[in-house]
J.: 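Structure provided below as structure tokens; questions to follow.
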Amino acid sequence: MSDHAEPSGSHFIKSIIAEELAAGKRKVVHTRFPPEPNGYLHIGHAKAICLNFGLAEEFGGRCNLRFDDSNPLTERQEYVDSIREDVRWLGFDWEDREFYASDYFEQLHEWALDLIRKGKAYVDDLTADEIREYRGTLTRPGRDSPHRDRSIEENLELFEAMKRGDFPEGSKVLRAKIDMASGNFNMRDPVMYRILHAEHYRRGKEWAIYPTYDFAHGQSDSLEGVTYSLCTLEFEDHRPLYDWFIENLEIFPSRQIEFARLNLSHTVLSKRKLKKLVEEGHVSGWDDPRMPTLSGIRRRGYPPAAVRDFCNRIGVAKADSRVDLALLEHCVRQELNRSAPRRMAVLDPIKVVIENYPEGQSEELEAINNPEDESAGKRKVPFSRELWIERDDFMEDPPKKFFRLGPGREVRLRWAYFITCNEVVKDEVGKIVELHCSYDPETRGGQAPDGRKVRGTIHWVSAEHSIPLEVRLYDHLFTKDDPDQSDRADKGEAGKGEADQGQGGGGFLDNLNHDSVTINTNAQGEPSLAEAAPGQRFQFERRGYFCADSKDHSAGHAVFNRTVTLRDTWAKIQKRS
RNA sequence: UGGGGCGUCGCCAAGUGGUAAGGCACCGGACUUUGGAUCCGGUAUUCGCAGGUUCGAUCCCUGCCGCCCCAGCCA
């Protein structure tokens, strides 16, 4: 794929690749995106996807999609399906290079045998607790397992029996024989294989032993000829082990390079926390439009091109960081501004009666679909005596900077006429229920022949023709930039506890924004909106970008999600005064 | 206190010996049938701190401070 993938700026991984290429150390660039099918992809994964596929494309190489499925306990076909859909949605194509670590089990097993024969791996009978105990601590080196020096023959026999399923889970593991005194825990005889009498979603019950991440990932890279294996910072400590297996197995040398994972303000990006939001019902599901999952932002209406643009702008570095959601929203607005057709919809309607417009009459006015894209054409919008306008486009006692409607003031109705407000009708409690206005027939289309100007242009909808809309307005899911930051941190108490139970528990749930969604069922939209297809995106003029909900929208019941608001300088001016 | 990393504008992020790119945000102003878009302009004498080397340091050296990750038979 290549339609929108503009190369991002320079970053250290590109420099490394360019250097190796120039030095002749590598001939090609081959990367991979290696998700574990145990959850849904989120915007953080989008960064990795864009990086891996983007680099391959930029250097004329290839990028594989590989499911890192070496743990039968948590993985499911359902997840591989959603992952494939999400990567495709983002706009990337892995062609015929869809791989599975579970397809490499036979080869991995051979390699394990190889290490045993070389005296570099052994079967250990210690329990998990004992292994932990023998591993030592941050400051104390570990001790050798009593089984560390078994003979090659015995190891071979035992490992074969493990594979056959002769032993119960947890009773034995295969370990690499490296260095129990290493400062790096990953080198203290890491586990290569564990016994799991579980059914694997792809391999069924064929295997009783499963390789660990460390014994599967690098070798999978190597098998696929991956030159650059990009992963996040927490794997930096694993690199020596990654290299150790390559060296001792004498296989193709993939190179692991680590970069900082994405953090986004006002949301969480960890599988565990996202799962908690779903399971505890704080959101409606993985594809709730407030979720940072790819399925969530897709339903919210974020275009894939905007997500790609975002990923190219945030950079790739090794410093822990948290990107402001405002940047993502900027990318979304920029993309939608040029691609979304415009429509008029009134979210909080107030009735306007044009007193000098004949009762029972109506007409069709021409409206431009997208001023940024002439090819989007024009449409007809019906106009009649009674209209809906936005309640906050009228002020009874407007300040000088307010350009909209007020008693005695004239404004332009977009694509229609100039109207002047003559009378404000209120109910018993003083609430404004109706505005009586007059229009100037000479201003049809929005121009005054006498050249007079009006400062304000407001949107509207013909009451007789409009259709009711359910509009869902979304806001930040969390009130804080960093939801993990507890108030108590300021007082020197537990700032970032593991306790995220909420309700004063000091965790991220305490920072949930309880007004992150507002369901508005009073909105009125222009009739053409009835034909919107689920998933279709529009700009509701002066209000924001909206997307017909992919699940709940239908011709008979129009439901729109607000993707993002428009920039609102009037709101800023108001806030200041 | 063992090992591995990171600290450049409010948020990201280039630059890595020659005197601080860019984007977002923010603040002005122009233009405007979306207070949208667009367009101009502004915003780090300073690169965690302290020393040192040098004609010259964000880039080199030393020390310190701060933050992140690692003791799963998860990935």
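In the text below, chain A, chain B and the rest are named by the order of the sequence lines, each starting its count at 1.
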J.: Just N and O in the side chain of A:K572: are any of them under 4.0 Å from OP1 or OP2 of B:C26?
T.: yes
J.: Looking across every strand, which nucleic acid part, if any, lies under 4.0 Å from A:P371 by heavy atom: base, sugar-phosphate, or nothing?
T.: base
J.: Within the structure shown, what part of the strands sits under 4.0 Å from A:R333 by heavy-atom distance: base, sugar-phosphate, or nothing?
T.: nothing
J.: Compute both the distance and the angle, then confirm whether A:R143 meets the cation-pi test with A:Y134: under 6.0 Å from the six-membered ring centre, within 45 degrees of the axis.
T.: yes
J.: Which part of the nucleic acid, if any, lies within contact of A:T137, taking any heavy atom under 4.0 Å across all strands shown: a base, the sugar-phosphate backbone alone, or nothing?
T.: base
J.: Is any side-chain heavy atom of A:P37 closer than 4.5 Å to a side-chain heavy atom of A:Y201?
T.: yes
J.: With a 4.0 Å cut-off on heavy atoms, is A:Q447 in touch with a base, just the backbone sugar-phosphate, or nothing at all?
T.: base
J.: What contact category does A:R188 fall into here, base, sugar-phosphate, or nothing, at under 4.0 angstrom with non-hydrogen atoms?
T.: nothing
J.: Name the closest nucleotide to the A:R567 side chain, picking from B:C12, B:C74, B:G36.
T.: B:G36
J.: Base, sugar-phosphate, or nothing for A:H459, non-hydrogen atoms under 4.0 angstrom?
T.: nothing
J.: With respect to the side chain of A:A326, which nucleotide from B:A25, B:C12, B:C70 is positioned closest?
T.: B:A25
J.: Applying a 4.0 Å non-hydrogen cut-off, can you work out what A:R132 is touching in the nucleic acid: base, sugar-phosphate, or nothing?
T.: sugar-phosphate
J.: Which one, B:C74, B:C12, B:A25, comes nearest to the side chain of A:E36?
T.: B:C74
J.: Taking pairing as Watson-Crick or G-U wobble with both contacts under 3.5 Å, can you name the mate of B:G2, or confirm there isn't one?
T.: B:C70
J.: Once you apply a heavy-atom cut-off of 4.0 Å, does A:I131 come out as touching a base, just sugar-phosphate, or nothing?
T.: base
J.: Classify A:N71 by what it touches in the nucleic acid, base, sugar-phosphate, or nothing, heavy-atom distance under 4.0 Å.
T.: sugar-phosphate
J.: Between A:K572 and A:D568 (salt bridge meaning N to carboxylate O under 4.0 Å), is one present in this structure?
T.: no
J.: Has the side chain of A:Q539 got a donor or acceptor atom sitting under 3.5 Å from an opposite partner on the base of B:U34?
T.: yes
J.: Considering only B:G36, B:C69, B:C24, which nucleotide approaches the side chain of A:L566 most closely?
T.: B:G36
J.: For B:G28, measure the glycosidic angle (O4'-C1'-N9-C4 for a purine, O4'-C1'-N1-C2 for a pyrimidine) and name it syn if it falls within 90° of 0, otherwise anti.
T.: anti
J.: When you measure from the centre of the six-membered ring of A:F403, is the NZ or CZ of A:R455 closer than 6.0 Å and no more than 45° off the axis?
T.: yes
J.: Could you check whether A:Y242 and A:H238 have their ring centres less than 6.0 Å apart?
T.: no
J.: Classify the ring geometry between A:W207 and A:F105 as parallel (under 30°), tilted (30 to 60°) or perpendicular (over 60°).
T.: perpendicular
J.: For the side chain of A:V173, starting at C-beta, report the closest nucleotide among B:C73, B:A14, B:C24.
T.: B:C73
J.: Between the base of B:G4 and the side chain of A:N184, is there a donor-acceptor distance below 3.5 Å?
T.: no
J.: Considering only B:C74, B:U34, B:A14, which nucleotide approaches the side chain of A:T457 most closely?
T.: B:U34
J.: Quick one: which of B:A71, B:U34, B:G15 gets closest to the side chain of A:L138?
T.: B:A71
J.: Over all strands shown, is A:T127 touching base, sugar-phosphate only, or nothing at heavy-atom distances under 4.0 angstrom?
T.: base
J.: Does A:S70 place a side-chain N or O at less than 4.0 Å from the phosphate oxygens OP1/OP2 of B:A75?
T.: yes
J.: Is A:F235 touching bases, backbone alone, or none of the nucleic acid, heavy atoms closer than 4.0 Å?
T.: base
J.: Select one nucleotide: of B:G36, B:U32, B:A71, the one nearest the side-chain heavy atoms of A:R135.
T.: B:A71
J.: Please determine, for the side chain of A:F185, which listed nucleotide (B:G36, B:A71, B:C24) has the closest atom?
T.: B:A71
J.: Remember a base hit wins even if backbone is also touched, and classify A:Y210 as base, sugar-phosphate or nothing at under 4.0 Å, heavy atoms.
T.: nothing
J.: If you look at every strand shown and take non-hydrogen atoms under 4.0 Å, does A:L325 touch a base, only sugar-phosphate, or nothing?
T.: nothing
J.: Using atom NZ of A:K318 as one end and atom C1' of B:U8 as the other, report the distance to the nearest whole Å.
T.: 18 Å
J.: Among the nucleotides B:A75, B:C73, B:C24, which one has an atom lying closest to any side-chain atom of A:R313?
T.: B:C24
J.: When you measure from the side-chain N and O atoms of A:R261 to the phosphate of B:C68, is any distance below 4.0 Å, counting only OP1 and OP2?
T.: no
J.: Tell me whether the NZ or CZ atom of A:R135 lies within the 45° cone about the ring axis of A:F185 and under 6.0 Å from its centre.
T.: no
J.: For A:K401, report the nucleic acid contact type (base, sugar-phosphate, nothing); a contact means any heavy atom under 4.0 Å.
T.: base
J.: Under a 3.5 Å cut-off for both contacts, is B:G51 paired Watson-Crick or G-U wobble with anything, and if yes, with which nucleotide?
T.: B:C61
